[in-house]
Amino acid sequence: MKTTSLVAAVLLAACTDAAIPAGGISKFARKDDHASSPPHYPSPWMDPEAPGWENAYASAREFVSQLTLPEKVNLTTGVGWMGERCVGNAGSIPRLGMRGLCMQDGPLGIRLSDYNSAFPGGITAGASWSRKLWHERGLLMGTEANEKGIDVLLGPASGPLGRAPTGGRNWEGFTVDPYMAGIALAQTSVGIQDGGVIATAKHYIGNEQEHFRQAPEAIGYGFNITESSSSNIDDKTLHELYVWPFADAVRAGVGAVMCSYQQVNNSYSCQNSKIINGILKDELGFQGFVMSDWQAQHAGAATAAAGLDMSMPGDTSFNTGLSYWGANLTLAVINGTVPEWRIDDMAMRIMASFFKVGRTVETMPDINFSSWSRDTFGYVQSAAKENWDQINYGVDVRHDHGKHIREAAAKGSVVLKNTGSLPLNKPKFVAVIGEDAGSNPAGPNGCSDRGCDDGTLAMAWGSGTSQFSYLVTPDAALQFQAIEDGTRYESILNNNRWAQVSQLIAQPNVTAIVFANADSGEGYINVDGNEGDRKNLTLWKEGDELIKNVSSICPNTIVVLHTVGPVLLTEWYDNPNITAIVWAGLPGQESGNSITDILYGKTSPGRSPFTWGRTRKSYGTDVLYDANNGQGAPQQEFSEGVFIDYRHFDRNSPSTDGTASSDDAAPLYEFGFGLSWSTFEYSSLEIQPHIDTIYEPTSGDTIAAPELGNFSIDLADYTFPSDIRYIYQFIYPWLNTSSSGKEASADPYYGQTADQFLPPKAVDGSPQPKNPAGGAPGGNPGLWDVLYTVSATVTNTGDVTTDEIPQLYISLGGKNEPVRVLRGFERIEGIAAGQSVIFTADITRRDLSNWDITAQNWVITKHEKKVFVGSSSRNLPLSAVLE
Ligand SMILES: *[C@@H]1O[C@H](CO)[C@@H](O)[C@H](O)[C@H]1NC(C)=O
Ligand SMILES: *[C@@H]1O[C@H](CO)[C@@H](O)[C@H](O)[C@H]1NC(C)=O
Ligand SMILES: *[C@@H]1O[C@H](CO)[C@@H](O)[C@H](O)[C@H]1NC(C)=O
Ligand SMILES: *[C@@H]1O[C@H](CO)[C@@H](O)[C@H](O)[C@H]1NC(C)=O
Ligand SMILES: *[C@@H]1O[C@H](CO)[C@@H](O)[C@H](O)[C@H]1NC(C)=O
Ligand SMILES: *[C@@H]1O[C@H](CO)[C@@H](O)[C@H](O)[C@H]1NC(C)=O
Ligand SMILES: *[C@@H]1O[C@H](CO)[C@@H](O)[C@H](O)[C@H]1NC(C)=O
Ligand SMILES: *[C@@H]1O[C@H](CO)[C@@H](O)[C@H](O)[C@H]1NC(C)=O
Ligand SMILES: *[C@@H]1O[C@H](CO)[C@@H](O)[C@H](O)[C@H]1NC(C)=O
Ligand SMILES: *[C@@H]1O[C@H](CO)[C@@H](O)[C@H](O)[C@H]1NC(C)=O
């Protein structure tokens with residue numbers, strides 16, 4: 001989030017408004033050169049009978065029917081950046097006693113607040129593979145948000161999915177696998193909404209890197225470009241990979257979806273009618289509202305027609321005092337460019353989500369914190385410096401959430417190597433080495449939005465962060481454990497004290513635990529030359545050299561890594577002196593306690609939610625670091641299709657027996673891998689087919705678009721009321737003048753842009769044919785028919801009670817298909833020594849289908865379908881053909 005100049009904003013507006021017709025071709029990207037997006041209009045309106053939304057729809061209809069046009073516009077448009085206390089604040093409806101909705105980051109808990117919990121990062125939550133913990137994490141985050149007065153929490157994320165291992169924000173999501181990400185996204189969304197707050201599935205879609213996501217940001221890094229990059233994604237890949245998790249969240253009833261910064265096929269994500277109207281609202285039947293990422297909106301009427309429902313933070317770019325919506329949206333409805341049913345549908349979607357999670361206008365809690373200051377008193381309207389009042393009440397919303405955080409981060413730690421040193425049991429002497437085990441000298445919140453890499457890494461940087469109310473460092477917790485055990489303990493929390501380190505670890509009886517990290521984050525912060533995205537896949541701050549140095553001397557070296565994703569371990573992982581490697585991810589506030597629980601075997605570890613390759617090149621995909629289209633939108637071709645992470649590794653270096661290959665193309669540790677405290681045997685694969693149902697394409701027509709209320713077209717009825725005091729830079733729904741639309745809009749292109757280019761279908765409110773692949777939230781309900789139930793016996797053949805995470809993969813067959821894709825998993829807790837448990841997984845029609853670009857629907861191809869069960873993507877002892 002950087003402040004962009006007004007000049008840049010106007011420029012963007014001018015050249016993107018004209019870009020709408022074919023889905024938006026920038027003037028620098030000629031249609032015949034670059035991918036384009038087909039138009040999809042009209043924007044689908046809510047379905048009163050959508051399963052799970054019926055009551056919310058009825059309540060919303062009753063509420064919205066009472067609203068005037070400016071009141072509806074207020075619901076859709078933020079008051080401007082830092083206008084009020086939350087990171088996003090919609091307009092209010094004082095006449096009906098409704099304060100403006102409060103939108104607050106983010107995916108691991110509340111940002112810019114106090115007395116809140118700092119949960120594990122998404123990637124660590126993902127590594128637990130635990131539906132129960134995902135739901136619980138969501139619920140606790142939702143509860144905290146609710147108690148601070150937040151209405152909409154800006155998470156969870158499954159975009160970026162993790163196309164490039166160096167992608168800066170991959171860690172905000174759970175995993176690179178879409179099937180697993182979908183379940184995590186849905187569980188978390190349901191959890192948040194069970195906490196009484198609207199969840200936001202983001203970022204929709206194709207936002208796979210930070211570089212070039214926003215032109216002004218890229219200009220700040222020295223790239224002279226005028227447009228955000230375009231993610232050019234083919235239809236099959238979009239459906240099978242990137243949209244897949246969103247479908248699960250939509251099916252689970254998520255209330256909001258945030259559209260992303262960059263373009264898809266040269267049309268901005270927040271005005272791409274194909275991805276919003278076509279895929280999200282028509283095909284997936286999304287009933288909630290689409291909100292723009294902050295400054296991701298680049299046009300007015302065109303975004304409304306393309307399906308955007310809420311403009312955040314409301315101003316054209318931060319603090320311009322102008323808006324693509326606000327007064328412009330009021331005008332666009334009056335002059336007929338945006339049909340009344342569309343503004344009604346926007347208001348309906350926002351209010352239906354609000355009611356769906358149990359909120360009511362009468363019981364809306366007070367907002368009792370301010371994002372912009374930790375002072376008790378300050379300006380409620382921060383940007384305008386107006387309304388001095390108490391802004392922070394220090395309401396403690398943490399309860400006992402630390403327990404969950406400690407457990408979730410431990411269960412999301414992955415033991416990659418263990419030749420016998422773990423679990424630790426009253427060791428004689430522990431030496432902890434490395435800055436990553438200690439505290440940041442500037443304090444746990446010493447760097448704004450965690451934009452530095454000092455001390456232990458417990459969350460990465462950007463808007464997806466929160467303030468720590470405490471941070472248990474590994475040094476503190478391990479020392480505490482050592483004292484309890486009578487262990488001698490010394491730590492050197494600096495990577496550059498080799499003289500002292502070498503002396504310490506050369507002593508007899510030492511267990512050396514070396515900590516190192518690798519960080520990344522959001523593009524508006526550059527840490528050590530990493531402009532959001534990582535510039536390499538190695539450890540930071542000479543971590544590799546430190547590990548190599550320690551292990552060259554100490555025969556019992558344990559490595560603990562806090563990283564945002566994969567790093568290259570190739571140079572040292574096989575040193576026999578390195579007796580264990582633990583990936584501790586981004587654990588959140590209980591970091592030290594969580595890693596102690598794992599190192600001492602008090603908790604069962606997780607499994608890797610991504611592949612650990614041997615070389616950076618072996619991933620086959622990377623960030624686009626250079627502008628490749630002159631001053632036009634950098635073109636990012638997703639030409640690898642669905643072959644990211646293990647799908648790519650399996651194709652390049654197939655293996656079925658799980659044996660490590662020294663081939664550079666083979667993973668060091670594969671997706672789904674992780675050691676446990678015991679050994680497990682897999683047996684008795686059984687497949688139970690169910691009565692085959694027929695997949696019925698959805699047919700029939702929607703209702704006509706409802707129009708709720710009426711409005712005058714006399715501009716004089718919409719001028720700024722004399723009894724309201726204008727707040728500096730605030731975005732209002734009212735007009736500054738009624739002399740003419742052009743003057744009221746202050747838009748030099750008024751009457752020439754949107755209305756000239758918007759397809760006539762954009763205003764068509766007549767009944768529309770239903771999408772054959774759609775029909776209910778998530779898509780055609782037949783996709784969830786269970787066609788097979790697969791079960792296998794999992795036996796603990798060791799002598800320790802621990803968790804096992806059986807995984808099921810399916811080969812869908814056909815050339816140009818992945819060798820296998822994940823289609824089932826379960827974290828089975830506490831399997832006793834000698835005990836056998838049954839792992840079962842339901843295989844749905846969707847699980848067996850591919851997206852057919854000709855049929856524009858899911859089909860089960862004729863190719864043989866084979867199911868595999870085992871403990872990782874490459875250790876799959878059981879298999880059978882699905883008949
Ligand atoms: C993007 O272009 C590709 C290639 O032409 C096409 O398959 C895909 O459907 C397009 N996607 C969108 C969202 O426009
Ligand atoms: C719109 O919201 C603003 C900011 O909360 C408020 O001052 C104004 O009264 C609202 N307008 C209407 C029509 O309710
Ligand atoms: C970007 O390029 C334009 C056109 O070539 C030029 O006018 C402008 O000065 C350049 N801006 C920067 C920051 O280099
Ligand atoms: C209306 O939108 C245009 C861009 O489409 C912008 O230039 C203008 O400033 C906006 N007007 C207001 C009053 O915010
Ligand atoms: C904080 O928010 C909670 C939940 O709405 C509310 O009960 C409480 O009164 C608020 N506290 C303060 C001090 O405003
Ligand atoms: C400690 O080190 C000494 C000297 O190398 C060795 O004799 C002894 O067995 C070690 N003790 C333990 C508990 O490892
Ligand atoms: C990779 O980047 C990190 C962080 O900027 C840096 O500390 C490290 O030296 C880099 N690695 C290499 C091999 O250049
Ligand atoms: C590694 O050891 C060498 C000497 O062998 C020393 O010069 C260097 O500073 C050490 N580096 C670290 C990070 O410990
Ligand atoms: C392992 O440590 C011993 C010292 O205990 C050292 O002599 C040896 O070279 C180390 N091995 C490797 C491969 O670094
Ligand atoms: C209607 O108003 C919108 C918003 O100001 C503007 O963009 C559009 O050009 C106007 N259309 C007509 C036909 O005047």
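Each residue takes its place number in the sequence, starting with 1.
Within 6.0 Å of NZ in K602 there are more than 12 heavy atoms belonging to other residues, nucleotides or ligands. Dense packing is recorded around OH of Y470, with more than 12 heavy atoms of other residues, nucleotides or ligands lying under 6.0 Å away. By the neighbour-count criterion of 12 heavy atoms within 6.0 Å, atom CD of E62 is sparsely surrounded, having that number or fewer from other residues, nucleotides or ligands.
Scored by the salt bridge (charged side-chain N to carboxylate O under 4.0 Å, His left out) test, D519 finds no partners at all (sequence neighbours excluded). Scanning for salt bridge (charged side-chain N to carboxylate O under 4.0 Å, His left out) contacts around E84 gives an empty result, with sequence neighbours left out. Under the ring pair (Phe, Tyr, Trp, His ring centres under 6.0 Å) criterion, W734 pairs with F720, Y732, not counting sequence neighbours. Under the salt bridge (charged side-chain N to carboxylate O under 4.0 Å, His left out) criterion, D449 pairs with R111, not counting sequence neighbours. Listed by chain and number, the residues in a salt bridge (charged side-chain N to carboxylate O under 4.0 Å, His left out) with E144 amount to none (sequence neighbours excluded).
Between T465 and M459, the shortest heavy-atom contact is CB-SD, 3.6 Å. Closest approach of D151 and R99 over heavy atoms only: OD2-NH1, 2.7 Å.
Checked against a 6.0 Å centroid threshold, the rings of W461 and W171 do not count as neighbours.
A heavy-atom distance below 4.5 Å is not found between the side chains of Q481 and Y489. Taking 4.5 Å as the limit, some side-chain heavy atom of L457 sits within range of a side-chain heavy atom of L586. Put simply, the side chain of I367 does not reach to within 4.5 Å of the side chain of K148, judged on heavy atoms. At least one side-chain heavy atom of W294 sits less than 4.5 Å from a side-chain heavy atom of M103.
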Test side chain to side chain contact (heavy atoms under 4.5 Å, CB included) on L599 and L478 and set out the steps.
CA-CA 9 Å; L599 294 176; L478 288 168; 4.1 Å; yes
Test salt bridge (charged side-chain N to carboxylate O under 4.0 Å, His left out) on K541 and D454; report intermediate values, then the result.
CA-CA 10 Å; K541 298 198 159 177; D454 298 333; 3.0 Å; yes
Taking only distance into account, with no hydrogens and no angle test, what donor-acceptor pairs under 3.5 Å do side-chain atoms of residues 134-141 form with protein atoms, sequence neighbours excluded?
residue, atom, partner, partner atom, Å
W134, NE1, A125, O, 2.8
H135, NE2, D194, OD2, 2.8
E136, OE2, H404, ND1, 2.7
R137, NE, P120, O, 3.2
R137, NH2, P107, O, 3.1
R137, NH2, P120, O, 2.8

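Note on ring orientation: taking the six-membered ring where Trp is involved, the planes of F119 and H401 are tilted (angle from 30° to 60°).
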